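All values below come from the heavy atoms of this structure, side chains included, with hydrogens, waters and symmetry mates left out. These numbers were taken from a predicted model, which means no experiment stands behind them.
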Amino acid sequence: MIRLLIFLVVVLALGWGFSWLADRPGLISITWQDHLIETSIMVAATMVVALVAAAMILWWIVGVIWTSPYSVRRYFRARKRDRGYQALSTGLIAAGAGNALLARKMSVRTRGLLRADQEPLIHLLEAQTALIEGKHDEARQKFEQMAEDPETRELGLRGLYMEARRLGANEAARQYAEKAVEHAPYLPWAAQATLESRSQAGRWEDAIRLLDQQRAASVIDKNQADRWKAVLLTAKADDRLEGDPKGARDDAMAALKLAKDLVPAAVIAAKAWLREDNVRKAATVLEGVWKLGPHPDIARAYVRARSGDSTTDRLKRAEKLEALRPNNVESLLAVAQAALDAHEFRKARAKAEAAARMDSREAAYLLLADIEEAETGDQGRVRHWMAQALRAPRDPAWVTDGFVSEKWLPLSPVTGRLDAFEWKAPFGQLEGPIEEGSLAAEEAIASLPPVSAIRPETGVEQPSKPIIVPVSPSSEPAKSPQTEIAVAAKTPAPGNVTSKAGKSPESEEEPVPFFGRPPDDPGVKDPDAAQPPTRLRLF
């Protein structure tokens, strides 16, 4: 564009100059060695311009001829370079697609057309080709060469880092990541790897400092940086809880400011407040997180905030949690457990059944089994609830990478990933739960067997109605068809019940006491005495 403007200006200047000379005619005389040359000014100007143009053209021709060898060499060199870049591009595409044969062929061709000191990507192509061919030693050598070159240092360090991770050399991988962070702190993969390595080593302060640098450099999103910092502060507070409760409290409260729903931070902060005998502050922290999302860890810490509280006081605290989040499964289970501890079985059963109807899962049925064991001791009913628990969906837990933990951890023990644990139901069944939903809970409650009476002498359950058994003709004289015998107890299964004499029911027939008479009545005969079984005719 600039050249075009210059050309237009020159043409306009020449036109204006010739026009100016045309308006002012005149003659020019030149005497040279007895020759007199006379011409007009216009002709003289035209000849001067023509001579200048001819000189310029001649100069250009001389220049082309003079530089022609270099131009020819440059043409062939450019053509060779273009072919080399084309081969390099084809080789990288082939390596990315996993075509080892074509990648190796293009690598050799690129080496013949380009020099490695001029194009560092040749090392990358050769390293990738070696990787897809399984030649990891050759690939590592290429990455080391790239790490020594300032232009490809970051790429070489990443390749060495990935190879170290593949071999399980975590310490070497950490060193490569640390070196990459020193030269290029803006690299996300290096920062992430360094952050995880420092966290695994328990260097929480260094990890937090690096995270702040990454956030300042806008390498990590603000929300993600806040979440990770909260996790690191929580882990730091957990380590300091025993030795420095005040410092642990400050770290946990700072974590809650960054992530208000972080349950472990709330629990640690509450424990730290309780170490200072400040129950009100601990309760406030736990209540704040409970309102955002009820969690059993919060409920346990809240209900057992004071070690000297009675079970009735703990029940009141659980009911306060339920008032904060009514119609919630965790609230109902917390009240049911506290009521069970306080031996208020009716309330415990009602809350546990309500929780089962709301979310038919394992914890509700196990709690009902505990209530049944404490209230009635009926093993049949206990087994009923245990069977329902086996078929119910599993309870939520801290899960990450297929690993289930009883407590929250800042890092995944499988991959070392930061903030990897989630509170959710673990996948532990091949075909899923057999029964789900409130309908299953209603059926389980409706099918609960009645409470059985227990014989104090033998521990054998008595049925609510007598069993009617027809009389055998071999043991009694012929009777009318209406003659039947009422047996007062079930016949126990072999090997399950043992008499007082230490003999099983197979070797000794169990005596039956009279109806309506207690066993300790003087009129009742000693059941241990050897006598024929008593029979009562109903008709």
### Task
Test side-chain contact (heavy atoms from CB on, under 4.5 Å) on Asp261 and Val289 and set out the steps.
CA-CA 6 Å; Asp261 59 343; Val289 180; 5.5 Å; no

### Message
side chain to side chain donor-acceptor pair (under 3.5 Å) for Arg74 and Tyr70? Distances and angles first, verdict last.
### Response
CA-CA 6 Å; Arg74 185 176 59 182; Tyr70 172 75; 4.6 Å; no

### Task
Please assess Leu367 against Lys351 for the test side-chain contact (heavy atoms from CB on, under 4.5 Å), listing each intermediate value before the final yes or no.
CA-CA 10 Å; Leu367 185 55; Lys351 296 296 182 180; over 6 Å; no

### Message
Run the side-chain contact (heavy atoms from CB on, under 4.5 Å) test on Ile220 and Leu211 for me, step by step, so that the C-alpha distance in whole Å, both residues' side-chain angles and the decisive distance to 0.1 Å come before the verdict.
### Response
CA-CA 8 Å; Ile220 304 177; Leu211 184 61; 3.8 Å; yes

#### Entry: Step-by-step salt bridge (Lys or Arg N to Asp or Glu O under 4.0 Å) determination, Glu126 to Arg111
CA-CA 10 Å; Glu126 292 176 347; Arg111 272 286 184 178; 2.6 Å; yes

### Message
Under the criterion side-chain contact (heavy atoms from CB on, under 4.5 Å), I'd like the reasoning laid out for Ser107 against Thr110: C-alpha separation, chi angles, the key distance, then a yes or no.
### Response
CA-CA 5 Å; Ser107 175; Thr110 304; 5.8 Å; no

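Salt bridge annotation for Lys407-Asp297: absent, with no cationic side-chain nitrogen under 4.0 angstrom from a carboxylate oxygen. A salt bridge links Lys320 with Glu287: at least one charged nitrogen is closer than 4.0 Å to a carboxylate oxygen. Under a 4.0 Å N-O distance rule, the pair Arg198/Glu178 qualifies as a salt bridge. Salt bridge Arg153/Glu148: absent, no basic N to carboxylate O contact under 4.0 Å. Taking 4.0 Å as the cut-off between side-chain N and carboxylate O, Asp226 and Lys222 count as a salt-bridged pair. Looking at Arg81 and Glu119, no side-chain N of the basic residue comes within less than 4.0 Å of a carboxylate O on the acidic one, giving no salt bridge. One finds no salt bridge joining Glu276 and Lys281 here, because no Lys/Arg side-chain nitrogen approaches an Asp/Glu carboxylate oxygen to under 4.0 Å. A salt bridge is absent between Lys179 and Glu182; no separation between the charged side-chain nitrogens and carboxylate oxygens falls under 4.0 Å. A salt bridge does not link Arg417 with Glu422: every distance from a Lys NZ or Arg NE/NH1/NH2 to an Asp or Glu carboxylate oxygen is 4.0 Å or more. A salt bridge between Asp221 and Arg227 is absent, with no side-chain N of the basic residue lying under 4.0 Å from a carboxylate O of the acidic one. Between Arg209 and Asp212, none of the side-chain N atoms (NZ, or NE/NH1/NH2) sits under 4.0 Å from a carboxylate O, so this pair counts as no salt bridge. The existence of a salt bridge linking Glu330 and Arg325 is excluded, since no basic side-chain nitrogen approaches an acidic carboxylate oxygen closer than 4.0 Å.
Looking at Arg140, its side chain never comes within 3.5 Å of a backbone N or O of Leu160 through a donor-acceptor pair. Side-chain N or O atoms of Thr234 include one that pairs as donor or acceptor with a backbone N or O of Ala230 at under 3.5 Å. Looking at Ser412, its side chain never comes within 3.5 Å of a backbone N or O of Ala420 through a donor-acceptor pair. In this structure, Ser19 contributes its side chain and Trp16 its backbone to no donor-acceptor pair below 3.5 Å. Looking at Ser331, its side chain never comes within 3.5 Å of a backbone N or O of Glu322 through a donor-acceptor pair.
Across all their heavy atoms, Ala127 and Ala139 have their closest contact at O-CB, 3.8 Å. When every heavy atom of Thr129 is checked against every heavy atom of Ala100, the shortest pair comes out as CG2-O, 4.2 Å. When all heavy atoms of Met106 and Ala87 are compared, the pair lying nearest together is CB-O, 3.5 Å. The minimum heavy-atom distance between Arg314 and Ser307, with the atom names listed, is NH2-O, 3.7 Å. Listed here is the closest heavy atom pair of Ser199 and Leu418: OG-CD1, 4.4 Å.
Using a 3.5 Å distance cut-off with no hydrogens or angles, the side chains of Arg79 and Tyr75 do not pair a donor with an acceptor. Tyr186 and Gln214 share no donor-acceptor pair across their side chains, judged by distance under 3.5 Å alone. A donor atom on one side chain and an acceptor atom on the other are found under 3.5 Å apart for Tyr365 and Ser360. In the model, Gln200 has no side-chain atom that pairs as donor or acceptor with a side-chain atom of Glu196 under 3.5 Å. A donor atom on one side chain and an acceptor atom on the other are found under 3.5 Å apart for Glu372 and Trp385.
Contact of the Phe143 side chain with the Leu131 side chain is registered, since non-hydrogen atoms from C-beta on lie closer than 4.5 Å. The side-chain heavy atoms of Val10 and Leu14, taken from C-beta on, include a pair separated by under 4.5 Å. Residues Val285 and Arg280 form no side-chain contact, since every pair of their non-hydrogen atoms from C-beta on lies 4.5 Å or further apart. The shortest side-chain heavy-atom distance between Trp189 and Tyr161 falls under the 4.5 Å cut-off. Side-chain atoms of Leu233 and Trp228, non-hydrogen and from C-beta on, never get closer than 4.5 Å to each other. For the pair Arg394/Arg361, no side-chain contact is recorded, criterion being any heavy-atom separation below 4.5 Å from C-beta on. Residues Met358 and Leu332 meet the side-chain proximity criterion, which asks for heavy atoms closer than 4.5 Å. Using a 4.5 Å cut-off on side-chain heavy atoms (C-beta onward), Thr90 and Arg109 make no contact.
In this structure, the ring of Trp398 has its center no less than 6.0 angstrom from the ring center of Phe403. In summary, the aromatic rings of Trp290 and His295 are positioned with their centroids too far apart to meet the 6.0 Å limit.
Crowding of Arg304 atom CZ: a count of heavy atoms from other residues, nucleotides or ligands under 6.0 Å not exceeding 12. By the neighbour-count criterion of 12 heavy atoms within 6.0 Å, atom CZ of Arg77 is densely surrounded, having more than that number from other residues, nucleotides or ligands. Within 6.0 Å of CZ in Arg275 there are more than 12 heavy atoms belonging to other residues, nucleotides or ligands. Open room surrounds CZ on Arg83; 12 or fewer heavy atoms of other groups in view lie less than 6.0 Å from it. Atom CG of Leu101 sits in a sparse spot, with 12 or fewer heavy atoms from other residues, nucleotides or ligands closer than 6.0 Å.
In this structure, the side-chain hydrogen bond (donor to acceptor under 3.5 Å, both in side chains) partners of Arg306, at least two apart in sequence or on a different chain, are Asp309.
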